[in-house]
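Below you'll find the structure, written out as structure tokens, and then a few comments.
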Amino acid sequence: MRDSVGKDKKLKMAVFANGWSAEYLGLVIDSLKKRAARDNTDIFIYTSFILPHEEDVVKENQLKVFDLADLSQFDAAIVLANTFNSENEIKKIKSLVKNAHIPFISSEVKLPGMALVGTSNYQGIYDLARHLIEEHNVKKVIYVRGNAGNVECAERRKALEHALAESGLELYDVLAGDFGFYNAGKAINAWLEEKKPLPDAFVCANDLMALGVISHLHQHGIDVPGDVIVTGFDNVHEAQTSYPLVATVSRQWDHMGEYLYEEALRQIEKHDSSSKTIYPSKFIPSESCGCTPNPEAVEVRLERVRNIYSDSTNTDMIGFFFQRVHIEMSLVEDKEGFFQYAKDRWGHEDFFGKDYCICTSPLLFEAEDEEYISKVRDFKGEMDIMYERRNSESIPQRTYDSNEFYPGYEPDPDRSDIFVFAALVNRAHLIGYLAVKNTPEILSTLQFKRWINNLDTLFINIRHNIFLKRTNAKLNQIYMTDFLTDMYNRMGCDNVLYAFIQTEKEAGRRTMLLFFDINCMKLINDEYGHLNGDLAIKATASAMRESLSDKWMFGRYGGDEFIAVGSYEEGKTIEDYRKAFNTSLKKITTKLKAVFNLSASVGYCVINPDDNSDIDTYIRIADESMYKEKERAHREMGLIS
């Protein structure tokens with residue numbers, strides 16, 4: 001088949017799935033991986049994590065990861081439709097099929113425009129029912145169904161009813177378990193409260209419901225299988241590591257990946273969306289129906305018991321790790337800080353394997369919520385690679401075009417690579433996505449989802465901390481800023497200007513402090529009004545900024561008093577500063593067509609690095625210098641003799 005497809009062509013296949021079906025995914029992807037390796041085919045798995053009752057905005061954002069697949073670059077697409085939990089996923093896939101020109105293959109569920117590969121829902125349940133009737137003399141059967149309207153569930157009920165009818169029997173009752181452990185348990189509790197006689201058997205539409213039924217029967221003192229038989233469907237790992245081991249139906253999940261791949265090859269060679277291939281399902285008797293389990297099943301359960309502590313400890317350690325990370329990363333202030341922290345703290349851990357990257361929107365730490373949500377609607381265009389590990393080494397941050405399959409992707413004709421993509425979403429915030437290379441086994445347990453959830457929360461917490469710090473900085477700036485001049489106010493002088501002087505001292509540099517005082521400020525207010533008084537203050541502040549370099553720092557010390565501090569400039573005298581200031585002030589007042597005469601006196605203090613005087617002393621020295629200048633100015637104005 002490979003030769004007929006194209007001996008020299010390296011194939012690429014996309015896979016779409018919901019990651020909540022972890023065990024099914026693990027088994028399917030494992031067999032798909034093994035089969036793809038024979039042809040050196042690259043596999044790209046796009047994984048949503050959607051639950052039925054989540055908000056639409058969460059579902060929509062989760063499905064953005066499907067858009068990462070540029071289907072024009074693929075040879076075929078596999079849709080694990082039986083993992084989907086919402087109509088949103090089906091609609092999304094239908095839209096992809098409509099716009100693509102490659103074959104799509106669906107697992108277990110027939111969808112428009114797609115070939116189907118599935119397993120029989122009928123045969124396994126029929127054989128199960130005949131076994132219960134013939135081997136255990138079962139007559140009264142309650143069927144615990146899945147979601148209303150589910151096609152597979154209806155097919156299983158049909159097989160059960162046919163098997164019963166052959167012996168002249170009918171269903172005793174039907175309970176709604178909705179495919180869930182807890183819902184099935186609730187249904188059993190409600191049944192028992194009605195004090196109806198127990199049936200001979202509860203036949204459940206899947207193993208999770210069977211486990212829920214067994215658990216709640218046990219809580220009521222009812223023994224399985226001593227008092228009543230319980231069976232399941234799917235042969236999931238949890239049902240084969242419990243007590244009792246659940247009698248169930250195997251759907252050949254461990255071969256499904258290979259079956260899907262082979263169908264994809266056939267479809268690439270000759271596209272036929274009406275194709276339908278159904279593989280048999282097989283009944284497996286076990287403890288919950290009163291039969292002796294096979295030795296392999298018993299060994300699987302024992303292995304689970306052996307690993308209970310280590311599995312529990314590993315889960316706890318992940319929780320503890322992220323608790324510490326959330327606290328420590330509250331100090332991160334930008335994406336560079338995130339990378340440095342991740343490199344220092346995560347650099348020795350291959351959490352997702354040796355190769356993975358965390359890609360985020362460039363606006364993640366830049367745009368506040370309203371702007372972010374309105375602008376970040378997809379993963380198209382440039383993305384920031386917030387953190388990447390390649391062959392267990394941290395790679396410097398950079399941007400990359402999300403149209404690439406994977407950052408730095410280069411097809412290797414002699415090897416099969418498998419990539420996993422999962423969205424990072426926090427309700428309306430589309431954060432980015434996690435991309436993992438050659439570690440598809442991470443999909444086999446929900447530990448992967450725990451990591452995703454922790455990353456989602458971590459990024460949102462960092463965002464909140466960053467914007468909280470920025471807001472506090474703005475508030476602090478407002479608190480320390482004079483609204484009229486936009487200079488530091490008296491509080492700002494205490495916190496910033498004086499700190500500058502100390503920094504210059506520690507660096508061994510001299511500092512110049514200039515003290516400005518407007519001449520005859522009271523006269524301006526009295527004669528021309530306070531609006532002109534405000535104009536005089538703003539003009540003085542503007543002249544200070546214009547006459548001094550932008551490296552200086554400025555503050556309004558009091559009503560008509562100002563301070564400027566900067567590095568001492570060798571060879572420049574106080575007269576040079578005064579002349580430059582007066583020139584700027586005259587130019588500004590002329591431009592403003594001021595109706596008053598405006599001048600200011602300037603005093604100074606030169607501060608040496610080894611001078612241990614306090615700030616009040618420097619202000620007093622500059623103030624005394626300023627008053628000598630003011631006396632001279634007042635004499636020139638004829639205000640004093």
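Remember, predicted model here, so these are calculated numbers, not experimental data.
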Checking the side chain of [X] only, and the main-chain atoms of [Y] only, is there a donor and an acceptor separated by less than 3.5 Å?
X: Ser416; Y: Asn40; result: no
X: Asn206; Y: Met209; result: yes
X: Glu441; Y: Gly26; result: no
X: Lys33; Y: Asn438; result: no
X: Asp207; Y: Phe233; result: yes
X: Ser31; Y: Gly257; result: yes
X: Lys10; Y: Asp412; result: yes
X: Arg130; Y: Ala163; result: yes
X: Ser402; Y: Phe379; result: yes
X: Thr241; Y: Glu238; result: yes

Mind listing the closest non-hydrogen atom pair of [X] and [Y] along with its distance?
X: Leu63; Y: Ser48; result: CD2-CB, 4.3 Å
X: Gly221; Y: Asp227; result: O-OD2, 4.1 Å
X: Gly19; Y: Leu446; result: O-CD2, 3.9 Å
X: Asn426; Y: Asp456; result: ND2-O, 4.3 Å
X: Ala210; Y: Val246; result: CB-CG1, 4.1 Å
X: Ile50; Y: Glu89; result: CD1-CG, 3.8 Å

Answer whether the closest heavy-atom distance between the side chains of [X] and [Y] falls below 4.5 Å.
X: Leu455; Y: Ile431; result: no
X: Ile418; Y: Thr439; result: no
X: Val141; Y: Leu169; result: no
X: Ile45; Y: Leu443; result: yes
X: Tyr122; Y: Ser281; result: no
X: Arg145; Y: Cys153; result: yes
X: Leu424; Y: Phe459; result: yes
X: Ser107; Y: Trp253; result: no

In chain order, what residues pass the side chain to side chain donor-acceptor pair (under 3.5 Å) check against Asp223, with sequence neighbours excluded?
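Asp223 satisfies side chain to side chain donor-acceptor pair (under 3.5 Å) with no residue once adjacent residues are dropped.
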Any residue meeting side chain to side chain donor-acceptor pair (under 3.5 Å) with Gln73, in chain and number order, not counting sequence neighbours
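Here no residue qualifies.
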Rounded to the nearest 0.5 Å, what's the gap from [atom1] on [X] to [atom2] on [Y]? Could you check?
X: Phe421; Y: Cys357; atom1: CZ; atom2: SG; value: 7.5 Å
X: Ser288; Y: Leu245; atom1: OG; atom2: CG; value: 8.0 Å
X: His162; Y: Ile125; atom1: NE2; atom2: CD1; value: 13.5 Å
X: Gln62; Y: Thr47; atom1: CD; atom2: OG1; value: 10.0 Å
X: Asn235; Y: Asp254; atom1: CG; atom2: CG; value: 8.5 Å
X: Arg251; Y: Asn121; atom1: CZ; atom2: CG; value: 5.0 Å

Given the rule in the side-chain contact (heavy atoms from CB on, under 4.5 Å) test, do Leu260 and Val28 qualify, once you have shown the distances and angles that lead to the verdict?
CA-CA 9 Å; Leu260 288 163; Val28 172; 4.2 Å; yes
If you measure from the Lys or Arg side-chain nitrogens to the Asp or Glu carboxylate oxygens, is any gap between [X] and [Y] under 4.0 Å?
X: Asp127; Y: Lys282; answer: no
X: Glu263; Y: Arg266; answer: yes
X: Lys270; Y: Asp272; answer: no
X: Arg35; Y: Glu262; answer: yes

Between [X] and [Y]: side-chain donor-acceptor atoms closer than 3.5 Å:
X: Lys449; Y: Asn453; result: yes
X: Asp173; Y: Tyr143; result: no
X: Tyr24; Y: Glu108; result: no
X: Asp39; Y: Tyr261; result: yes

Do Thr277 and Leu116 pass the side-chain contact (heavy atoms from CB on, under 4.5 Å) test, and can you show the C-alpha distance, the side-chain angles, and the key distance before you say yes or no?
CA-CA 6 Å; Thr277 305; Leu116 172 66; over 6 Å; no
Flag if over 12 foreign heavy atoms under 6.0 Å of [atom1], [X]:
X: Glu87; atom1: CD; answer: yes
X: His271; atom1: NE2; answer: yes
X: Lys110; atom1: NZ; answer: yes

Contacts under 3.5 angstrom, residues 175-194 side chains, donor-acceptor by atom type, not counting sequence neighbours:
unit_1: Asn189; atom_1: OD1; unit_2: His220; atom_2: NE2; d: 3.0
unit_1: Glu194; atom_1: OE1; unit_2: Lys196; atom_2: NZ; d: 3.0

Quick test of your reading: applying ring pair (Phe, Tyr, Trp, His ring centres under 6.0 Å), list the pairs with at least one residue in residues 63-89, sequence neighbours left out, ordered by first then second residue.
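Qualifying pairs, neighbours excluded: Phe16-Phe66, Phe44-Phe74, Phe74-Phe405.
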Of all pairs that satisfy ring pair (Phe, Tyr, Trp, His ring centres under 6.0 Å), the ones with a partner from residues 276-308, not counting sequence neighbours
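Output for this query lists His131-Phe283, Tyr259-Tyr279.
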After noting the C-alpha distance and the side-chain angles of Tyr46 and Asp67, does the key distance pass the side-chain hydrogen bond (donor to acceptor under 3.5 Å, both in side chains) rule?
CA-CA 9 Å; Tyr46 301 92; Asp67 291 326; over 6 Å; no
For Asp200 and His136, run side-chain contact (heavy atoms from CB on, under 4.5 Å): C-alpha distance rounded to whole Å, both residues' side-chain angles, the deciding distance at 0.1 Å, then the answer.
CA-CA 9 Å; Asp200 298 320; His136 301 288; over 6 Å; no
Going through the distances and angles, do Gln219 and Ser215 end up as a side-chain contact (heavy atoms from CB on, under 4.5 Å)?
CA-CA 6 Å; Gln219 291 173 21; Ser215 174; 3.6 Å; yes
Under the salt bridge (Lys or Arg N to Asp or Glu O under 4.0 Å) rule, what do Lys9 and Asp75 come out as? Steps first, then yes or no, please.
CA-CA 10 Å; Lys9 176 178 171 60; Asp75 298 286; 2.9 Å; yes
Write out all pairs satisfying salt bridge (charged side-chain N to carboxylate O under 4.0 Å, His left out) with one or both partners inside residues 45-61, taking only residues at least two apart or from two chains.
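Those involving residues 45-61 are Glu55-Arg427.
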